[in-house]
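Beneath this line is the structure, given in structure tokens, with notes to follow.
As a basis for the values below, the full set of heavy atoms in this structure was taken, side chains included, without hydrogen atoms, waters or symmetry mates.
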Amino acid sequence: MRKKIVAGNWKMNKSRDEACDFFNLIQKSFLPEEVQLMVFPSALYLTEAVGIVNNKVIIGAQNCHFETKGAFTGEISSSMIASVGANAVIVGHSERRNLFNETNTMLAKKASDVVQSGLTLIFCCGEMLHERENQQHFKVVEEQLKNGLFHLSLEQFAKVIIAYEPVWAIGTGKTASASDAQDMHCFIRSLLSQIHPSVAHQTSILYGGSCTPANAKELFKQPDIDGGLIGGASLNVSDFLAIANSF
Ligand code: 13P
């Protein structure tokens with residue numbers, strides 16, 4: 001059985017106090033047993049988050065450098081993330097690709113580094129609006145996965161979660177229709193089965209892009225959608241938990 005996962009990507013939001021309030025509330029809340037919750041706060045608060053929610057929620061970082069250590073001012077490594085007790089890293093978010101010029105080559109190195117550090121990897125992919133309008137969306141996602149992720153070994157894939165996030169749906173209030181999202185998730189699973197047939201049915205594929213309590217049920221009903229990577233709606237405990245209760 002694939003894991004059902006609801007993951008919150010906070011991006012550059014919340015003060016330390018606001019983050020701690022969120023985690024204290026989550027710690028006291030009843031969480032659905034069959035759903036794994038993950039939260040990706042600012043790296044500044046990883047230690048606090050790990051300390052508060054302990055084993056109830058997986059805590060991870062939104063980014064890392066691909067080297068272990070060295071003269072890379074402003075960067076953090078996956079081994080540093082692991083050293084504070086966090087367990088996951090997001091790689092390849094479209095904001096990293098588009099605003100910080102992260103290339104598939106760089107993302108491939110980051111993906112290797114994250115799994116080598118023993119952390120869970122959420123690898124993001126997704127097309128831009130003009131690419132969908134030009135019917136290029138399947139090709140774009142295939143290239144992102146082939147060039148950024150599919151070099152990992154069968155064993156390493158045990159640590160991989162894929163997130164399909166169409167760029168035009170992120171933060172825009174425009175969600176992919178459940179059937180368009182399902183078509184892409186099914187396509188991604190078919191690509192996985194060409195690379196590592198045995199992991200294709202075990203790898204969780206999350207949808208991201210204006211996922212809210214209002215549309216999560218319809219999305220999560222689809223056979224190849226195993227949960228969500230949530231931006232805006234993950235900043236609020238009740239919305240986040242409502243999404244987690246949408247399976
Ligand atoms: P929104 O849910 O705010 O559209 O963001 C999605 C996202 O980018 C999650 O990584």
Side-chain angles (χ1 to χ4, degrees), residues 1-11 32 34-40 90-99 122-146 148-150 160-194 199-236 238-247:
M1 266 290 275
R2 286 195 293 276
K3 270 190 215 146
K4 294 176 177 154
I5 298 166
V6 170
N9 172 13
W10 284 2
K11 309 188 181 183
E34 73 288 1
V35 181
Q36 176 64 65
L37 290 189
M38 305 176 83
V39 178
F40 297 80
I90 297 173
V91 167
H93 192 282
S94 61
E95 287 150 19
R96 300 296 319 170
R97 291 175 188 267
N98 300 325
L99 303 175
I122 296 192
F123 188 87
C124 301
C125 57
E127 80 285 356
M128 305 191 44
L129 182 60
H130 69 273
E131 293 164 337
R132 178 160 282 264
E133 285 172 348
N134 294 327
Q135 308 298 319
Q136 300 289 300
H137 45 294
F138 290 115
K139 185 168 158 269
V140 168
V141 166
E142 181 169 357
E143 274 169 18
Q144 290 172 339
L145 293 173
K146 285 197 168 154
L149 183 69
F150 284 176
V160 172
I161 297 165
I162 295 174
Y164 168 58
E165 300 203 308
V167 181
W168 47 271
I170 295 177
T172 58
K174 285 186 205 158
T175 318
S177 71
S179 79
D180 282 349
Q182 164 59 23
D183 286 350
M184 183 59 86
H185 283 229
C186 178
F187 174 70
I188 293 170
R189 208 174 295 291
S190 75
L191 292 175
L192 270 177
S193 69
Q194 291 164 26
V199 302
H201 292 284
Q202 286 155 27
T203 303
S204 298
I205 307 178
L206 313 183
Y207 169 80
S210 299
C211 184
T212 65
N215 57 31
K217 256 199 180 77
E218 187 60 26
L219 287 159
F220 296 174
K221 255 196 330 218
Q222 306 304 312
D224 288 295
I225 300 183
D226 306 306
L229 180 55
I230 320 297
S234 73
L235 295 170
N236 173 287
S238 59
D239 285 349
F240 189 53
L241 292 184
I243 294 173
N245 282 301
S246 296
F247 288 93

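Leu145 pairs by the side-chain contact (heavy atoms from CB on, under 4.5 Å) definition with Phe123, Cys125, Val141, Leu149, Phe150, Ile162, Ile188, Leu191, not counting sequence neighbours. Residues passing the side-chain hydrogen bond (donor to acceptor under 3.5 Å, both in side chains) test with Lys146, sequence neighbours excluded: Glu142. Applying the side-chain hydrogen bond (donor to acceptor under 3.5 Å, both in side chains) rule to Lys11 yields the partners Glu95; only residues at least two apart in sequence or on another chain are considered. Checked against side-chain contact (heavy atoms from CB on, under 4.5 Å), Gln36 has the following partners two or more places apart in sequence or in another chain: Ile5, Met38, Ile58. Evaluation of the ring pair (Phe, Tyr, Trp, His ring centres under 6.0 Å) rule for Phe40 yields no partner, not counting sequence neighbours. Remark: Thr175 pairs with Tyr207, Ser210, Asn215, Leu219 by the side-chain contact (heavy atoms from CB on, under 4.5 Å) rule, at least two apart or across chains. Partners of Trp168 under the side-chain hydrogen bond (donor to acceptor under 3.5 Å, both in side chains) rule, at least two apart in sequence or in another chain, are Glu127. Residues passing the side-chain hydrogen bond (donor to acceptor under 3.5 Å, both in side chains) test with Glu143, sequence neighbours excluded: none. By the side-chain contact (heavy atoms from CB on, under 4.5 Å) test, Asp239 pairs with Pro213, Ala233, Asn236, sequence neighbours left out.
Counting all heavy atoms, side chain and backbone alike, Phe247 lies closest to Val6 at CE1-CG2, 3.7 Å. Nearest heavy-atom pair, Phe240 versus Ala7, reported as atom, atom and distance to 0.1 Å: CE1-C, 3.9 Å. Of all heavy-atom pairs spanning Val35 and Ala244, the tightest one is CG2-O, 3.6 Å. Minimum heavy-atom separation, Ile243 to Phe220: O-CE1, 3.5 Å. The minimum heavy-atom distance linking Val167 with Gly126 is given by the pair CG2-O, 3.9 Å.
In this structure, Ile90 CD1 and Ile122 CD1 are separated by 5.5 Å, a value rounded to the nearest 0.5 Å. In this structure, SG in Cys186 is found 8.5 Å from CD1 in Ile205, a value given to the nearest 0.5 Å. Atom CD1 of Ile170 sits about 12.0 Å away from atom SG of Cys211, to the nearest 0.5 Å. For the atom pair Met128 CE and Asn98 CG, the distance stands at 4.5 Å (nearest 0.5 Å). Atom NZ of Lys4 is separated from atom CG of Leu37 by 13.0 Å, given to the nearest 0.5 angstrom.
Residues in residues 168-181 take part in these salt bridge (Lys or Arg N to Asp or Glu O under 4.0 Å) pairs, two or more places apart or across chains: Arg132-Asp180. Applying the side chain to side chain donor-acceptor pair (under 3.5 Å) rule to pairs touching residues 220-230 yields Arg2-Asp226, Gln182-Asp224, Arg189-Asp224, Arg189-Asp226, Glu218-Lys221, sequence neighbours excluded.
Contact of the Ile225 side chain with the Tyr164 side chain is not registered, since no non-hydrogen atoms from C-beta on lie closer than 4.5 Å.
Remark: the backbone N or O of Ser234 is paired with a side-chain donor or acceptor of Trp10 at under 3.5 angstrom. No side-chain donor-acceptor contact under 3.5 Å links Ser193 to the backbone of Ala200.
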